[in-house]
Structure formats: C-alpha cells, structure tokens
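Structure, as structure tokens:
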Amino acid sequence: MTDAPALQRVDELPPDYRAKLDRMNLLPAWTLLRAVLPVGAPAQQARAAHWSYKELRPLLMEAGRLVPMEKAERRVLGYVNPGLQRERLSTMPSIFFGLQMILPGERAPNHKHIPAAARLIIEGEGAYTTVDDEKLHMDEGDLVLTPPLHWHDHGHEGTEPAVWMDVLDHPLAVPLDVSYVTVGKLADGYNEQPDVGDTCYSCPGLVPYRAPGERAPTYPMRRFRWARVRDALTATAEVSARDEAVHLRYCNPENGESVLKTMEFSARVLRPGETVQLRRCSANCVFQIMQGQAEILVNEETFACDRHDTATAPTYANITLRNRSSATPCFIVQVDDTPTQVKLGFYEELA
Ligand SMILES: [Fe+2]
C-alpha cells in the first residue's frame, strides 16, 4: 500500500472555470474524491451512543399529555445519533430506533409505507398491532414485524401506557427517494384468531405443506414471542461451552433468511459475569437490553446499560459485551444492517 497523493483543492481552480462548471451542474470530482473515498478507513459520522430508558421514560409519558394521537399519527421519540444530521431522523446510517407510546383506548391510524418496521415491546399489557387482518398481541419483549407496504395500525386494550421500540429502515429509503406513506381508514374489526406464530409456525422445523412450485409468503410470520426466544437462549446456554457465545438469529421460517430484507435481528444471552468480544465488521449495530444489565464497550467508550437501554456501535468498531451481574443472565437483542451490506457486496470482516 502506498500513500495517496494530495489532490487538488477546488480553490486551486480559476474562479471563472468553477463558475462555468456550476452553470452546467458539474463538479470537479477530484476535489471531493477523498470525501467519498477516504484512504484506508471510512469517514464515519455515526457515533457510539447510549440512551437510558429510565432517564427518557418521563419525557415519553409527557408526550402522552402534550400530543394527542391525531396530531402525531405515531407518538414516537426518535433516537437521533449525535454524529448524524438531525433531519435524517436516524439512529445509525441505515437504522432508526424510536420509542412509541400509546395510551389505553387509543388507536394509531391504519397506514402502510415503503420502509420496513419492527417493534420490540418494552412495557404495558394489552397493546396490539394489526398487519393486514392479522391481530398480533404485543407482550413484553416480543418482536412484531410490519413489512414494507403492509397495512398496519396499533391499538391498546390495557389500562396502563404501552411502550415499544420502533425499528425502521427509513434511513435507507429516504436517500433513495422511495419513502412514503399511505394513510387509510381503521378497520371495523380484525381476525381474532391466534397469529400464525402460535399455529402453523409454532413448531420449529414445521411449515405449512406446499406442493412443489407453490410459493410461500414473503413475510410468513410477523410475531416472535420473547418467552420462546428467551427459553431457546437459556437452553442453548446450558449446553454450550463457557467460552462459546450464545447467539441466535430471528429468521423467516420458510427460507431461513433475515426476517426483514434490510435488517438482521438476533438475540444473545450473556451468562452471569460473561464477556463476549464481537467480530470486527462493517455492520452498523444497535443493541437493546431486554433483561439484565450490560456493559457495552465500543472502541474507547464504555456504556453501563440497564434494562431497556439502547446503545449503538458504528462500522468497524471493536465491540465487547459484558454482563455486569455475577448472578443473573443478561439478554440483548441486536439489530444490524448485515443483510443490506451483504446484498450490496459491502459487508466485510476484519481480523
Ligand atoms: Fe407504520
């Protein structure tokens, strides 16, 4: 590898030449080449960051008093990465996290949009999401998917505010000029049958029978119960070597692919006192503490995370996850943009 030569700056060009380029919508690309192609490592804007649920929860409850649902469509406090422009409404360059709150009796309007969305339920009993006509109950920790262009609304039949983490890929869709929403009418009623995760996809390894050539739905299962994920992590931990990380991924039961096309969702358990060093890679990562307490080290920064806290790690970061408790396990859900990067040919791991 050789040192890259210093390139000409734009102010080294004659003003009249620059003016002529401007008038014709041209730019001397060599003056910006290092901005888009920095030598050796990407110019990272997104930073490692941490949000404390305990600290921000009062602000979310205050939003319930300050903004009625009809003035919000979705009452969400977005987690904005301090290194990214605020107008991008992005937690990482490809991923949005934001806390949504719905009050008892409220209905969030039916709509559908290009960005894919998922919910991780934080607190409150009795909330639900409908996707098309399927009613998905939202128990604490559940992962609920609303794939692109699927009608969905939210309701709440409980007695206390319900809170969940919204996860969206609009940071990818907006720069492509494809992000939009269609708002529809609320349906009068929904199919009250158990969702397919509790029926035809309730047994791992079994899927609905199809004749050769018959296609499975693109998004067959939209709710992943946390109780089952936690049980699977616990069972796996019991039979895994102590130095082996326990890490399971959510997948489309029909083809094993990521549950949404742009984002990977996976779950980890850190056994009491356990420390796990992650592979250094190009993915943008967000960690959501589901249960327990973790210390998340990202490059030179350390975040002490409690239950429901969120932390980010930028591309190519050195990441270490540590369970702060020597007595209880810590469960973490990880969201990253690996599927997008793999499809684009961008993904890489460093030794
Ligand atoms: Fe939505």
Side-chain angles (χ1 to χ4, degrees), residues 60 63-64 67-80 87-92 94-103 105-124 126-139 142-157 161-188 190-191 195 197 217-224 250 252 258-263 265 286 288 310 333 335 337 339-340:
L60 190 64
V67 58
M69 187 61 79
E70 59 271 21
K71 290 282 185 188
E73 192 165 320
R74 298 291 190 265
R75 189 188 289 115
V76 179
L77 288 183
Y79 288 19
V80 177
E87 308 77 60
R88 287 175 66 176
L89 194 55
S90 300
T91 310
M92 293 304 279
S94 52
I95 300 168
F96 168 80
F97 266 52
L99 275 182
Q100 179 162 174
M101 194 266 280
I102 183 167
L103 296 170
E106 280 188 330
R107 296 280 295 274
N110 200 17
H111 71 194
K112 63 177 182 176
H113 40 69
I114 284 282
R119 338 271 161 198
L120 283 166
I121 318 312
I122 305 275
E123 62 171 283
Y128 62 88
T129 291
T130 63
V131 181
D132 296 332
D133 69 342
E134 192 178 32
K135 186 174 181 178
L136 305 164
H137 293 277
M138 302 165 90
D139 292 336
D142 289 355
L143 174 68
V144 171
L145 308 178
T146 55
L149 294 177
H150 284 57
W151 288 105
H152 59 278
D153 67 66
H154 310 294
H156 189 12
E157 295 163 339
V163 177
W164 60 83
M165 185 62 80
D166 275 334
V167 181
L168 283 98
D169 61 8
H170 67 245
L172 283 177
V174 170
L176 295 176
D177 284 355
V178 295
S179 186
Y180 75 97
V181 67
T182 306
V183 181
K185 289 191 180 127
L186 283 172
D188 295 332
Y190 295 104
N191 182 351
D195 66 79
T218 309
Y219 301 99
M221 186 168 153
R222 288 90 171 250
R223 180 192 182 203
F224 298 76
Y250 295 82
N252 179 328
S258 53
V259 291
L260 294 173
K261 294 185 184 300
T262 49
M263 296 178 283
F265 291 77
V286 187
Q288 181 72 20
T310 306
V333 164
V335 182
D337 60 5
T340 299

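Source: prediction; values computed, not measured. Counting convention: from 1, in listed order, for ligands and their atoms alike.
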| Do H137 and K135 come close enough that some side-chain heavy atom pair is under 4.5 Å? | yes
| message | At a cut-off of 2.8 Å, what protein N/O/S atoms sit near the Fe ion (ligand 1)? | response | H111 NE2, H113 NE2, H152 NE2
| query | Can you list the residues that meet the side-chain contact (heavy atoms from CB on, under 4.5 Å) rule with L149, with sequence neighbours excluded? | reply | I114, Y180
| said: R222 and salt bridge (charged side-chain N to carboxylate O under 4.0 Å, His left out): which single residue from D142, D195, D132 fits? | reply: D132
| said: I'd like to know whether W151 forms a side-chain contact (heavy atoms from CB on, under 4.5 Å) with T182, so could you lay out the CA-CA distance, the side-chain angles of the two residues, the decisive distance to 0.1 Å, and finally the verdict. | reply: CA-CA 9 Å; W151 288 105; T182 306; 3.8 Å; yes
| query | For the residue pair H150 and Y219, does the interplanar ring angle fall in the parallel (under 30°), tilted (30 to 60°) or perpendicular (over 60°) class? | reply | perpendicular
| request: Could you tell me whether R75 and E106 make a salt bridge, using a distance below 4.0 angstrom between a side-chain N and a carboxylate O? | output: yes
